[in-house]
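Worksheet: one structure, shown below.
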Amino acid sequence: MNVKNIMMTLALVAAIGAKAQKEVVAPQNVYARQTMSLNGDWHYFVDQQEQGYYDYRMNPTNWGYFVNAKPKKPSDLVEYDFDACPTMQVPGDWNTQDEQLFVYEGTIWMKKDFEIGDGLRTTDNGRFLLYFGAVNYEAIVYVNGKKAGRHVGGFTPFCYDVTDFVHEGKNFVIVKIDNKRHKDNVPTLIFDWWNYGGITRDVLLVSVPETYVEDYSLRLDALPQSADGKNSVIDFSLKLNRPVAGEAVTVTFPELKIRRTFSTDENGCLHEQLSTKKSKLELWSPDNPKLYKVLLEREGETIEDEIGFRIIETRGKQLLLNGKPIFLRGVCSHEETAYTSRRCNSAADADTLLSWARSLGCNFIRLAHYPHNEHAVREAERQGFLLWSEIPVYWTISWQNEETYANAERQLTDMIRRDHNRAAIIIWSLANETPHSDARDKFLGRLAQTARSLDNTRLISMAMEVTGASNYVNRLQDNMNKYVDVVSFNQYIGWYRDVNDAPKMKWEIPYEKPVIISEFGGGAKAGLHGDKGQRWTEEFQENLYRENLAMLDKIDGLAGTCPWVLKDFRSPRRPLPGIQDGFNRKGLFSDQGKRKKALYVLREWYEKKR
Ligand code: GCU
């Protein structure tokens, strides 16, 4: 299936979900569009009983808080007032901005006023799109009292065409946010991270022409024939938001002296190949994270982007980047800030974590267990980190529930849609530690096929679990092996199993594919010292790493490791007073940036893997 069909499929899948209300496919590279940021102070108030949405018979009401009613005369009864409520920052989670909301799971209403001046409208008959980077978990969005739509899933973007709802001058947007956990959600009821609620990523009002570029793809078609990268072939596809034929689009790579103009077909799409001819194409890699500026121009629209070109593939048990074997010196990381432990939402937030990963000697990061924000992905790409991006199909979700499947598939589609131009991302991960069953296999098998049909240029994997360990033989038997390009599994010898077993361990991994240890590790309270047999001490964790790394070195086909985890992170599942205090302490760094002894063991091992 070529890229043009992939983008058609992407748009189709997204459009099916988007039929409701005003939802539209979130435009590719939204930050390069004409936008007005709606970030900043938003008024908010808690609505535990969702009185602002349901009447006292628990039927949805037309007079909910989304109307933003104001008393018109002294006798009028209006029992809420957004403008008299406190504000909090968007993007941001509510848990770390208001102490009373630290553990709150439920509904909160948020409102933002915004002005549409004539500056923003690009063309007379332009469209206004309202873009959310992410809202955890369920968002119901209203503009000037009218419902734009409902979105579920806390880690992927969504967008509404609100042209018919907005007007010059004063407007307001109201969002009902609910982060209550439910069995049939994705993730389900239990997960080992903090359930940060709120409008956790950017909100943008995007002004686009009536016909605009919805999506485009730029990637290397194949490894350059010549070592200097001349005559390399770039695969270029583009899709407009409407099936308009004959639209001229000019693509320019100034540094590669490429400037070509093409026109769209009857579907509003184009699919072309660009040759770099005499220009040498530098391939993107961790040692040389080369990005090329590109311009897409058409009437009423100019989109600028930075694109890296690389090829990722497997050959037997080898992982090859740009045709050369590579070892993934990785670490797992949650999307939680250093020092302040809140949801990350900027390149600066990412930069601190990336600098910690770099100090470990890493060239790879597993973004756990959900798609991280676009700023972090682009910053990692600029800094030369290879990435694993995952959807939160975590532990035991409702495998037989079709709505749960549609939700997971939508999150997968939106993850790939947003980041399919990012060279840094080499692996799409479908799941983490999921229990074996036919229903699970069917569910994940369908997701794998969707991922493959959406993007056949990257590797597919998931974090599996070792099955059946007797006599020190660990077997990996998983029906999902046939769908993945890389077999990855989590193992916790030394923490959930005895560290002294490590030297005796044998591994049976009957698949001719590269192996990634997607998690291993153990906890330590930074600054707590003692005997290596005493749990929670830095010496215990240090010894665990030493034993694990020696053990992992014996695994045939080992192509990468990403220990759990870069830094201590908040989790409601970690109450141990004086040690955990609401933090998972398996970090190599404490949440305050303290380096634990195990860090040096890993760094030394990664030095040898360069
Ligand atoms: C699991 C899981 C992580 C969790 C970790 C742990 O493997 O994937 O999300 O935090 O183990 O127990 O610390």
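Please read all numbers here as calculations on a predicted model, not as lab measurements.
The ring-ring contact (aromatic ring centres under 6.0 Å, His included) search around Y339 returns W356, not counting sequence neighbours. In this structure, Y131 has no ring-ring contact (aromatic ring centres under 6.0 Å, His included) partners at least two apart in sequence or on a different chain. Residues forming a side-chain hydrogen bond (donor to acceptor under 3.5 Å, both in side chains) with E381 (at least two apart in sequence, or on another chain): R422. Annotation: side-chain hydrogen bond (donor to acceptor under 3.5 Å, both in side chains) contacts of Q411 (sequence neighbours excluded): N407. Partners of H372 according to the ring-ring contact (aromatic ring centres under 6.0 Å, His included) rule, which considers only residues two or more places apart in sequence or in another chain, are Y370. Residues satisfying the side chain to side chain contact (heavy atoms under 4.5 Å, CB included) test with Q273, not counting sequence neighbours, are D221, V233, D235. The salt bridge (charged side-chain N to carboxylate O under 4.0 Å, His left out) check on R260 picks up nothing, with sequence neighbours excluded. With sequence neighbours excluded, the residues forming a side chain to side chain contact (heavy atoms under 4.5 Å, CB included) with V565 are C332, F569, K586, listed by chain and number. In terms of the side-chain hydrogen bond (donor to acceptor under 3.5 Å, both in side chains) criterion, residue partners of K609 (sequence neighbours excluded) are, by chain and number, D553. For F489, the ring-ring contact (aromatic ring centres under 6.0 Å, His included) criterion is met by W507, not counting sequence neighbours.
Environment of NZ in K293: sparse, with no more than 12 heavy atoms of neighbouring residues, nucleotides or ligands closer than 6.0 Å.
A heavy-atom distance below 4.5 Å is not found between the side chains of E272 and V251. Contact of the R417 side chain with the L454 side chain is not registered, since no non-hydrogen atoms from C-beta on lie closer than 4.5 Å. Counting heavy atoms from C-beta outward, W388 and L328 have side chains that stay 4.5 Å or more apart. You'll find the side chain of Y483 stays beyond 4.5 Å of the side chain of L430, heavy atoms only. In this structure, Y292 and L218 have side chains that are not in contact, with every pair of non-hydrogen atoms separated by 4.5 Å or more. Counting only heavy atoms from C-beta outward, the side chains of I426 and L387 never approach each other to under 4.5 Å. Using a 4.5 Å heavy-atom cutoff, the side chains of Q28 and K239 are not in contact. Counting heavy atoms from C-beta outward, V213 and L238 have side chains that approach closer than 4.5 Å.
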N345 and N373: side chain to side chain donor-acceptor pair (under 3.5 Å), yes or no, with the steps?
CA-CA 6 Å; N345 54 46; N373 69 80; over 6 Å; no
Trace of the side chain to side chain contact (heavy atoms under 4.5 Å, CB included) decision for L549 with E604:
CA-CA 11 Å; L549 297 173; E604 198 185 317; over 6 Å; no
One pair to check against side chain to side chain contact (heavy atoms under 4.5 Å, CB included): F236 and L296. What are the steps and the verdict?
CA-CA 11 Å; F236 170 45; L296 299 176; 3.8 Å; yes
Test side chain to side chain contact (heavy atoms under 4.5 Å, CB included) on D215 and H420; report intermediate values, then the result.
CA-CA 10 Å; D215 197 358; H420 67 83; 3.0 Å; yes
Run the side chain to side chain contact (heavy atoms under 4.5 Å, CB included) test on N231 and Q225 for me, step by step, so that the C-alpha distance in whole Å, both residues' side-chain angles and the decisive distance to 0.1 Å come before the verdict.
CA-CA 8 Å; N231 299 311; Q225 300 310 310; over 6 Å; no
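Residues M415 and P371 share a closest heavy-atom pair of SD-CG, 3.7 Å. Taking all atoms of both residues into account, the shortest heavy-atom contact from P286 to P289 is O-CD, 3.7 Å. Across A451 and I460, no two heavy atoms sit closer than the pair CB-CD1, 3.6 Å. The two residues E336 and D568 have their closest heavy-atom pair at OE1-O, 4.0 Å.
A cation-pi arrangement is absent between R127 and Y212 under the rule of less than 6.0 angstrom and at most 45 degrees off the ring axis.
A side-chain donor from one of S518 and N490 sits under 3.5 Å from a side-chain acceptor of the other. No side-chain donor from either of N421 and N29 sits under 3.5 Å from a side-chain acceptor of the other. Side-chain polar atoms of E214 and N241 form no donor-acceptor pair below 3.5 angstrom. Checked by atom type, the side-chain pair S429/E390 shows a donor-acceptor distance below 3.5 Å. In this model, no donor atom of one side chain and acceptor atom of the other lie less than 3.5 Å apart for N288 and S285.
Here the straight-line distance linking atom NE2 of H151 with atom CZ of F158 works out to 5.5 Å at 0.5 Å rounding. The distance from the CG atom of D414 to the CZ atom of F155 is 14.0 Å, given to the nearest 0.5 Å. L444 contributes atom CG, which lies 5.0 Å from atom OG1 of T434 (distance to the nearest 0.5 angstrom). Rounding to the nearest 0.5 Å gives a distance of 14.5 Å between CD of Q491 and CH2 of W564. Here the straight-line distance linking atom CG of L281 with atom CG of L220 works out to 6.0 Å at 0.5 Å rounding. Between atom OH of residue Y600 and atom CG of residue L588 there is a gap of 10.5 Å, rounded to the nearest 0.5 Å.
Within the structure, salt bridge (Lys or Arg N to Asp or Glu O under 4.0 Å) contacts touching residues 281-291 (residues at least two apart or in different chains) are E255-K290.
In this pair, H334 and W193 present their aromatic rings tilted. The plane angle is within the 30 to 60° band. Ring planes of Y545 and F520: tilted class, angle from 30 to 60°.
R358 contributes a side-chain N or O that, together with a main-chain N or O of Q383, makes up a donor-acceptor pair within less than 3.5 Å. Between the Y606 side chain and the G330 main chain, a donor and an acceptor come within less than 3.5 Å of each other. At least one donor-acceptor pair closer than 3.5 Å links the side chain of N39 to the backbone N or O of V203. Proximity of a side-chain donor or acceptor of T337 to a complementary backbone N or O of R342 within less than 3.5 Å is detected.
Using a cut-off of 4.0 Å between Lys/Arg side-chain N and Asp/Glu carboxylate O, E247 and R242 are scored as not salt-bridged. A salt bridge links R366 to E519: at least one charged side-chain nitrogen sits closer than 4.0 Å to a carboxylate oxygen. Salt-bridge annotation for D351 and R382: absent, with no side-chain N of the basic residue lying under 4.0 Å from a carboxylate O of the acidic one. Salt-bridge formation is not detected for the pair E374/R201: no Lys NZ or Arg NE/NH1/NH2 atom is positioned less than 4.0 Å from an Asp or Glu carboxylate oxygen. A salt bridge does not link D591 with R570: every distance from a Lys NZ or Arg NE/NH1/NH2 to an Asp or Glu carboxylate oxygen is 4.0 Å or more.
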Which pairs of donor and acceptor atoms, one on a side chain in residues 315-323, lie under 3.5 Å apart (sequence neighbours left out)?
residue: K317; atom: NZ; partner: D556; partner atom: OD2; Å: 2.9
residue: N322; atom: OD1; partner: I311; partner atom: N; Å: 2.8
residue: N322; atom: ND2; partner: W284; partner atom: O; Å: 3.0

